[in-house]
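As structure tokens, the structure follows; a few thoughts come after it.
Fair warning: this is a prediction, and the values are worked out from it, not measured in the lab.
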Amino acid sequence: MTDVVDAGELLRRIQRARACAREELRSWRARSGELERDDPEAAREARVRTLAYEAVLRILDEIVTPGRTGVRH
């Protein structure tokens, strides 16, 4: 847990996290649309998760490419 990692390894870990967040975002977005008519409560939960993954992805993008994502400081 206390291993020191270099900048390259840290960047690779962040990029893997971004890829995971992107995939989860797509999945929850699709799920929200599928549930909208039949299960409004589950669709709402899926929308909340979509918003959460959008935020995670935006922050990770800002770490990798500062200033390009429009995140306000």
| request: Applying salt bridge (Lys or Arg N to Asp or Glu O under 4.0 Å), run through Arg68 and Asp61 and close with a yes or a no. | output: CA-CA 8 Å; Arg68 290 193 199 175; Asp61 284 345; over 6 Å; no

| query | According to a 4.5 Å side-chain heavy-atom criterion applied to Ile, Leu, Val, Met, Phe, Trp and Tyr, with indirect links allowed, do Ile14 and Ile59 form part of one hydrophobic cluster? | reply | yes

| field | Euclidean distance, Arg12 CZ relative to Arg16 CZ, rounded to 0.5 Å | value | 7.5 Å

| task | Using modelled atom types only, decide if a donor and an acceptor are shared between the side chain of Ser27 and the backbone of Glu23 within a distance under 3.5 Å. | result | no

| said: Is there a side-chain contact between Glu24 and Val56 in this structure, where contact means two heavy atoms from C-beta onward sitting under 4.5 Å apart? | reply: no

| note | Scanning both residues in full, the closest heavy-atom pair of Arg22 with Leu57 reads CG-CD2, 3.8 Å

| Working for salt bridge (Lys or Arg N to Asp or Glu O under 4.0 Å), residues Glu54 and Arg47 | CA-CA 10 Å; Glu54 285 174 350; Arg47 283 192 305 275; over 6 Å; no

| query | What distance do Leu35 atom CG and Glu41 atom CD have between them, rounded to the nearest 0.5 Å? | reply | 11.0 Å

| query | How many angstroms lie between atom CG of Leu60 and atom CZ of Arg58, to the nearest 0.5 angstrom? | reply | 11.0 Å

| query | Where do Arg29 and Thr50 come nearest, in terms of heavy atoms and distance? | reply | N-OG1, 3.4 Å

| In this structure, are over 12 heavy atoms from other groups packed under 6.0 Å from Arg37 atom CZ? | no

| query | Linking I/L/V/M/F/W/Y whenever any side-chain heavy atoms sit under 4.5 Å apart, do Ile63 and Leu10 land together? | reply | yes

| How far does OG of Ser32 sit from CD of Glu45, to the nearest 0.5 angstrom? | 10.5 Å

